[in-house]
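Note: hydrogens, waters and symmetry copies are ignored here, and every other heavy atom, side chains too, is used.
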Amino acid sequence: CTAGACVALCGSGFGDCAGFAGNGCEADLRTSDAHCGACGLRCTRPNAVAACGEGVCRVATCVGGYANCNGSDGDGCETNVLSSLSHCGGCGQSCQRANASTVCAGGSCQLGAGSTGGSNCNGLEADGCETELRFNNQHCGQCGRVCAAGTACSGGVCASVCGAGHVRPPWRPRRNPLERFAS
């Protein structure tokens, strides 16, 4: 009895969350999702099914394409594994590839365009756009284009290679033979 009213004296892990001494210490603060650790403290987490255990609110399972990649129960299932480049399809599964743009769509990593001069000639998405096309005699300008003997890939084009002591003359546009007759 306190100040002329009955109050519940609750043991460890229990609380009088209804505020009515007549029903005693009705809430188990160790397991109640409505009163997890303290009266009125709801056990909910973003993008998760949460559960109260030992008076602490924890992520039980993640929902809707989300995962708890940082391992913290406090922010729930914070990562969308359907679109995250760092966690595409699951925690720690990077969708970043060398020399390529990528997109994580529906939890699947998809290779986009290669960076300047790069392409995916071996067909393996895991190593990105592994082939440099600007100066590669086996893949000059595009996958599989081989420069013929006496030529070399330069800027993605097979160009003639001059022997020692020979210099290739500078390129000059051809004159239009009709140009001299124009008025």
Side-chain angles (χ1 to χ4, degrees), residues 13 15 17 27-161 168 171:
C17 296
D28 186 341
L29 304 177
R30 299 166 297 179
T31 60
S32 172
D33 288 340
H35 308 286
C36 187
C39 289
L41 189 59
R42 295 199 65 78
C43 181
T44 61
R45 294 293 181 253
N47 309 307
V49 173
C52 184
E54 304 289 324
V56 177
C57 186
R58 291 190 169 85
V59 170
T61 59
C62 295
V63 296
Y66 285 84
N68 186 8
C69 292
N70 67 5
S72 171
D73 288 319
D75 58 359
C77 299
E78 79 293 338
T79 303
N80 184 336
V81 295
L82 299 178
S83 62
S84 170
L85 286 177
S86 299
H87 307 284
C88 186
C91 295
Q93 296 179 26
S94 176
C95 183
Q96 297 163 336
R97 303 292 187 260
N99 303 315
S101 63
T102 54
V103 64
C104 179
S108 175
C109 186
Q110 298 171 6
L111 198 58
S115 63
T116 305
S119 190
N120 183 18
C121 292
N122 67 6
L124 301 174
E125 289 190 10
D127 61 358
C129 294
E130 81 294 336
T131 305
E132 211 297 320
L133 300 177
R134 294 174 294 174
F135 304 102
N136 185 328
N137 287 338
Q138 300 302 308
H139 303 283
C140 188
Q142 69 183 41
C143 295
R145 182 186 293 157
V146 178
C147 290
T151 65
C153 188
S154 178
V157 177
C158 293
S160 179
V161 176
R168 184 177 188 204
W171 180 81

Just distance, no hydrogens or angles: give the donor-acceptor pairs under 3.5 Å from side chains in residues 143-159, sequence neighbours left out.
{"from": "Arg145", "atom 1": "NH1", "to": "Cys140", "atom 2": "O", "distance (Å)": "3.3"}
{"from": "Arg145", "atom 1": "NH2", "to": "Gln142", "atom 2": "OE1", "distance (Å)": "3.1"}
{"from": "Thr151", "atom 1": "OG1", "to": "Ala148", "atom 2": "N", "distance (Å)": "3.1"}
{"from": "Thr151", "atom 1": "OG1", "to": "Ala148", "atom 2": "O", "distance (Å)": "2.5"}

Distance-only check: which donor-acceptor pairs under 3.5 Å involve side-chain atoms of residues 49-65, not counting sequence neighbours?
{"from": "Arg58", "atom 1": "NH1", "to": "Gly53", "atom 2": "O", "distance (Å)": "3.2"}

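Counting only distance, with no hydrogens or angles, the side chain of Ser119 and the backbone of Cys121 share no donor-acceptor pair below 3.5 Å.
The side chain to side chain contact (heavy atoms under 4.5 Å, CB included) check on Asp28 picks up Phe14, Arg30, Thr31, with sequence neighbours excluded. Under the salt bridge (Lys or Arg N to Asp or Glu O under 4.0 Å) criterion, Asp33 pairs with no residue at all, not counting sequence neighbours. By the side-chain hydrogen bond (donor to acceptor under 3.5 Å, both in side chains) test, Asn137 is found to be paired with no residue, residues two or more places apart in sequence or in another chain being considered.
For the atom pair SG (Cys104) and CG (Leu82), the distance works out to 7.0 Å, reported to the nearest 0.5 Å. Taking CD of Gln138 as the start and OG1 of Thr131 as the end, the distance is 11.0 Å to the nearest 0.5 Å.
For residues 74-91, the pairs satisfying side-chain hydrogen bond (donor to acceptor under 3.5 Å, both in side chains) are Asn70-Asp75, with sequence neighbours left out. Residue pairs that meet the side-chain hydrogen bond (donor to acceptor under 3.5 Å, both in side chains) test with at least one member in residues 36-50, sequence neighbours left out, do not exist here.
The two residues Gly15 and Leu29 make their nearest non-hydrogen contact at N-CG, 3.9 Å. Nearest heavy-atom pair, Glu130 versus Asn120, reported as atom, atom and distance to 0.1 Å: OE1-OD1, 3.2 Å.
If you check the gamma sulfurs of Cys109 and Cys95, they are less than 2.5 Å from each other.
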